[in-house]
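These notes concern the structure reproduced below.
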Amino acid sequence: MTSRSSLTGIEVPIIGSDSIRWYNLSLPSTTTAPPPSSQPLLTPVTDDTSACFELAAEKKACRRMNKDCPNVLEIVEFCSSREFPRVGLRIEFTSALCPFALICKNEISGTSGNPYMLYTSTVAGVAYLIRLTNITNYGSYTVFPPHEVTELNIQSYCDYGAITAIAATAGCLVIGGSDGSVGCFRFGSLDSSSPGFLHELRDDSSLGRLWSLVSRRAVAPVKDLVFLEIQGRKLLFVLHLDGVLQVWDLLSCSKLLRHPLNASMSEGATFTRLWASETNKDTSILPLAVLHKPNSEVDGEMISVYSLHHSVGGRTNILLEPSTTNISIDEGALIDVKLSPNKIWILKEDGLVLHNLSGPTESGEYEQCFGLQESAVAEQLFQSSEHAADDLLWLAHSLYPSTKEQIASRVSSIFLRMLFLPDIYHNSVLRATLQDHNKHFTDSEFHSLTADGMKKEIISLIEHEGVSRSPLSLLYCWRNFCSHYFDNWCHKNAPCGLLFDSSSGAIGLIRKSSISLVRRLEDIELLSFGSFDELGEIASHRINLSSDLEREILFDVLRCTTNLSQQLGKGAPALFYESIFSEPSLSPEDIVGRLLKVLETRYTSVAALHVSELGIDTAWEKSVGDHKVLRNFSTNMFLSLHGLYRKAVTWDKVVDVILKYLNFLVPQKNENKSDCEALFDIRTGITVQVTSQVAKVMFESAVDILLLLNYMVKSEGQINMSPDDVSRVQLELFPLIQEIITEWHVIHFFGTTQCESPAMEDFSSQLSLLQIDSTANQRSWNDKLGKCDFTLAFILLLDHQRSFESQNGVDSRYLPSPSSFITPVRNFTSWIVWGRSEDGSSSFSTRSTMLALILLKHGQIDAVEHIITVVNQNILKEKTSGSIQGVNNEWCTLLHLLGCCLLAQAHRHAPRASSEKKVSEAISCFFREDLMCFLVYCLSRAASLDEASKTLQSLPYESGLPHLGISEHVSPTAWKLHYYQWAMQIFERYNMSLGACQFALAALEQVDEVLGLKDTYSGADFLNESPTIVKGRLWANVFKFTLDLSFYHDAYCAIISNPDEESKYICLRRFIIVLYERGEIKILCDGQLPFIGLAEKVEQELVWKAERSDVSVKPNPYKLLYAFEMHRHNWRKAASYMYLHSAQLKSETASKDYQVRSLVLQERLNCLSATINALHLVQPSSAWIDPVNQEKSILKELYPSKKARITISEEEANDDFPSQKLESCMDIERLENEFVLTSAEHLLSLANVNWTFTGIEKPPPNLVELLVQSNLYDMVFTVILKFYKGSALKRELERVFVAMSLKCCPTRYHSSGNYAITTIL
């Protein structure tokens, strides 16, 4: 490939040309069958070929033929002033094609519906004329309409033997035979049966037909045919194998010129190709290029350029001058050649070369080399050398020596970022690479993948293959993947022709699956890729070097940086760039320090640590090799720096030159006053890509200087640097370099980072996707968000709505020339860094804020966070190195925006740990922003605070940021109170209670101070509110947020801290309701909450809840009231509530079946037992309860309901349920009576006996009988002993004993046993 050291320009792919969806069409069934032949008439497609045709002032069409599919022809049409189309036409023929196809305007009348014509031919000699319409019209077709396709069987009209050349123009097809004959078919302009359809071009002179026949036999085979239109006349140039060139007038079929090109050649020279420049009305000289081989013994070929003089008057005169330019083609196979009036472009497999025909360039060059994409792809993917990827791993080990996961993460991130660079990413190549690794997708699946989705697929594939998870294993997986990617890239995207726009001088490459343009290098790229000795003009004018000495010093400095970068390898810039994205972020100082350590030790220590992975022999060999390389490097650097010092005499002179060079690296400020609207067209895409390429070189150049200066400072004693020199470098150069690195990093980030997909779950995003009142152009590029080839820079360009093209003679209808890329790129970078001229002067931090707002408007939250973080870190270093006086409004705004971005990120569906981290960072940003604004006030008083407030409130609503709503002319404390409340509301909006709570508490700290001030300057917004109301509102918010976080103790503390009684009780009720809903109500009863003045209110809320709750509620409110009162030692209240629960259960018993009824009775027993136990804790004289007076409504409807229960009065209860009338007072004795009766009822229910009682003074008459019949003797004696005394007790006992005796003799009294027992009882 072409050496990077001699490059004049490089290749830039056109966005979208790699991801074309094809409309596949076949031809209708043929009616013309060629006669069978053992040999094809025409040469088949042996190499990938292509050509570009101009159809109109703006529209061009490219056709491609692939040697792997010789019967398929691909067509793509595009306009430079529009986006590259995403659809193309793929025509499938019935047999293989010859490497010829022409697309031209349809100049035949009566065919307005088909504006274009396609000429081509199969190898069997069947020519086709297809009348084409716009490609987008073929979406619903699978076969061409028959009336649009015309066939011509060439063998039916003539027999020239093998057809060795073929060409066409509108209405005419010309063939050249192996016998030297040239046949002209009026194909498309005349019917095949019309006279004059076929005309043979031959010399019918006066010598007669016999001489003509003899002369024809002497003519060598035709090798090439070229059509040219000179002043309205179509001429045909015919090149024969022996070097004879003939020119024919197509209209009159007369010969205008016959010139032997081999007159000055050695015998045996053969001529194979002919190229001609398009005519230029400004000159009558036309260059022709001829490819020939001097003789069979020479392997190489040669291109000779001739000058053709033409004049058209009454008679056309053509004169061919002898060749003055001969170009040897020694290396690689020739692919294509394009001619302009003063230049010739030669495309070979190893590069693109430009030869100046009119003389040398300003630098004295006749030949200029342009690099192809292959070298850039290989370099970016670490495929340019065998050990490039290994060096990246060892360097990563040196920078991150302690964590393997961090090393693996950095390496993966670097490779992934490289794969998706605009000039590296290729749609079909990536798909083929994934298929190589058994990742298969359908067309719809692959095209629907966003950039993030594609990255996830690649990461999952790499992680699956790297089973061991070691960094070395992971590196091998990435290297293997990138190797496959590069091989597929070279195979599927090989160059197959040149694209030339004669109107603008644009030159490009047509590749197998993409199209690209060629551009010249920027000045900084020439310094990086070119030879220093040839760049005196750049050094003198752009860098402002005043003498040859300064130029020599600069070149020596750049040579030192080159040595440093070569020693570190190509992974150093990538790792430095990646460190800006790393978390936790490594500062540039840390990275530089670790890189310097690598320069001191190479990778020896790393190799020693990984002997197990490398093997002992490999590790030892690497250690020896690294030591040798390190020794040579140290010696060379020592000698170079000493030589630099001797040449400059003082280091101060070197620093002066480096400072001038750094000023050259600063983005230029240009005046761009273009009024042209920015469109998403080919030029826009190229501007973005070239900007990213230039930014990469600028960034790396600044990093190289930073490394060199740090290396010099570290070696100050060895190279005689004084402390003053070191201080100047640290105080003057380092801050400038850091600012340059930040600016070019941001520009490169814009140009290479894919946009985020819109968040579909967000309502505001869904609303924005409706695109109400938006233009069609804006809707079209909004649809591209998230796609792999749509970066952030497109949003900035299109939102700006102004083109960055120079208006000096540039016509947007044509493709840009190689030298026209520089101006729009400089204008674009100037706009990013400096803004428009009408915006006034502003710092980069201010510009970053404006750019961030544009990205926020389009939902690019991650990008905004990164940009603001990088700029904020740079500002922080400036302020730290300067003084606190440097605090300004820009910093406040950046922190404000950063907090909003972090908050929005945390709101997304992300892992919980990541979300919590983002929330914490957002809280920190908002608090720091408040601190910065307070410092602004302290340093410059109220005017600056007002300015900060206005700046924040002026942030546009379209960016998605909520309005602050802070009044002007407020004190710092009032401003903080407002800002904290605003932040609280934002966190609340995103349901992030932790952050909202912190800002609510922070606002509470300001209330007393703000509302205690008497001047209207501070309290303008609180004139109608008392401190109690404001505090109550804030404490209520604290309560809500802590309750949402399940911080129940904190929530209760917020309740008792609330000075607003009404708000306090509302919160308390909500507290109890939420505790019930979450099953955490026991917190009220465990004694951990201090019921300071709220015990009665808590009890009231629990009673209110108990009255309106179903008996099945768990935990039951009455039980909670019992526990609540027991903990407070209110024994009688506890007993009362438990008794009320027992009464509640009793009302439910009648409606239950046996099984459920027994469970309810058991629960009643537990309640009565708890009631009795509680009263036993009271003094005997006070051991009673009055449930009726304590709770008037204990009864409820027996059917379940979700609504609040409606309580009823005691009188209504007595009327509806007379059996459940409650006594007004209950002592322990009465409670024990009820306990005994309830126990009996429970045991009977277990025996399936349905029995209940109404009074508790004495048992019902049938109770003892039922218990005896159920063999419940223990319960029988319990009832008798409890309710009977004296003689009644003896009588009841006798009856029971008799009944027991009778039951013990069942045989004797079997027939009348039951009757006897009943009678006795």
Side-chain angles (χ1 to χ4, degrees), residues 977-978 980-985 987-989 991-1012 1019 1021-1109 1115 1117-1118 1120-1121 1123-1125 1127-1130 1133 1137 1190-1191 1204:
L977 175 58
H978 280 291
Y980 288 154
Q981 291 187 93
W982 175 88
M984 175 192 72
Q985 293 168 2
F987 278 89
E988 182 181 9
R989 176 183 300 180
N991 296 321
M992 297 176 185
S993 300
L994 180 61
C997 182
Q998 292 194 34
F999 283 103
L1001 292 171
L1004 279 166
E1005 296 178 1
Q1006 311 298 321
V1007 172
D1008 287 334
E1009 185 175 353
V1010 172
L1011 299 180
D1021 289 349
F1022 300 101
L1023 295 178
N1024 298 324
E1025 288 185 318
S1026 65
T1028 300
I1029 294 176
V1030 176
K1031 283 186 175 182
R1033 183 176 65 248
L1034 291 173
W1035 276 118
N1037 281 307
V1038 173
F1039 161 76
K1040 175 184 178 300
F1041 303 140
T1042 52
L1043 192 61
D1044 291 341
L1045 294 168
S1046 299
F1047 298 164
Y1048 301 118
H1049 290 81
D1050 294 339
Y1052 184 77
C1053 290
I1055 293 175
I1056 61 178
S1057 301
N1058 196 329
D1060 188 343
E1061 294 297 324
E1062 182 180 358
S1063 176
K1064 177 189 294 185
Y1065 297 145
I1066 292 174
C1067 293
L1068 180 63
R1069 174 167 294 183
R1070 178 62 185 166
F1071 185 61
I1072 294 174
I1073 292 173
V1074 171
L1075 290 179
Y1076 262 109
E1077 292 173 350
R1078 298 180 183 177
E1080 301 288 346
I1081 195 66
K1082 293 181 180 180
I1083 293 176
L1084 292 175
C1085 310
D1086 59 7
Q1088 297 184 17
L1089 299 180
F1091 299 109
I1092 303 173
L1094 290 178
E1096 298 300 327
K1097 289 293 182 180
V1098 173
E1099 183 179 356
Q1100 290 176 12
E1101 294 298 330
L1102 289 174
V1103 170
W1104 185 88
K1105 181 71 176 177
E1107 290 177 349
R1108 289 156 179 79
S1109 298
Y1118 284 113
L1120 293 171
L1121 282 166
F1124 180 76
E1125 300 296 348
H1127 190 270
R1128 298 176 61 220
H1129 297 179
N1130 292 333
K1133 276 192 174 183
Y1137 288 128
Q1190 181 175 343
E1191 181 58 55

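Predicted model only: the values in this text are computed from it and were never measured.
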Fill in the blank from the handout: One should read off an interatomic distance between S1057 OG and Y1052 OH, to the nearest 0.5 angstrom, of 10.0 Å
Fill in the blank from the handout: Heavy-atom nearest pair, F1071 first then A1051, reads CE1-CB, 4.1 Å
Practice task
Please examine the side chains of F1124 and V1098, heavy atoms only from C-beta on, and report whether any two atoms are closer than 4.5 Å.
Solution key: yes
Problem - Partners passing ring pair (Phe, Tyr, Trp, His ring centres under 6.0 Å) against F1041 (at least two apart in sequence or in another chain) - result: none
Exercise for the section: Would you mind reporting whether K1031 and D1060 have side-chain heavy atoms less than 4.5 Å apart? Expected result: no
Exercise for the section: Please tell me if the side chains of V1030 and R1033 come closer than 4.5 Å, counting only heavy atoms from C-beta onward. Expected result: yes
Problem - Pairwise side-chain contact, K1133 with L1121, heavy-atom cut-off 4.5 Å (strictly under) - result: no
Practice task
Could you tell me whether the side chain of K1040 reaches within less than 4.5 Å of the side chain of E988, counting heavy atoms only?
Solution key: yes
Handout entry: Residue pair C997 / V1038: nearest heavy atoms and the distance that separates them
Key = SG-CG1, 4.1 Å
Which side-chain N or O atoms in residues 999-1006 pair as donor and acceptor under 3.5 Å with protein atoms at least two apart or in another chain?
none

Completion exercise
Closest non-hydrogen contact found for I1081 with P1115 is CG2-CG, 3.3 Å
Handout entry: Heavy-atom side-chain contact between E1099 and Y1137 under 4.5 Å
Key = yes
Practice task
Could you grab the distance from atom CD1 of I1055 to atom CH2 of W1035, nearest 0.5 Å is fine?
Solution key: 11.5 Å
Problem - Summary of salt bridge (charged side-chain N to carboxylate O under 4.0 Å, His left out) pairs that have at least one residue in residues 1065-1085, sequence neighbours excluded - result: R1069-E1101
Completion exercise
Closest non-hydrogen contact found for L1068 with K1097 is CD2-CB, 3.6 Å
Exercise for the section: Find out whether Y1076 and L1102 are in side-chain contact, i.e. whether some heavy atom of one side chain is under 4.5 Å from a heavy atom of the other. Expected result: yes
Exercise for the section: Measure the spacing between CZ of F1039 and CZ of F1047 and express it to the nearest 0.5 Å. Expected result: 14.5 Å
Handout entry: Separation of N1037 CG from S1063 OG (nearest 0.5 Å)
Key = 9.0 Å
Practice task
Calculate, to the nearest 0.5 Å, the distance between atoms CD and CD1 belonging to E1062 and I1029 respectively.
Solution key: 9.5 Å
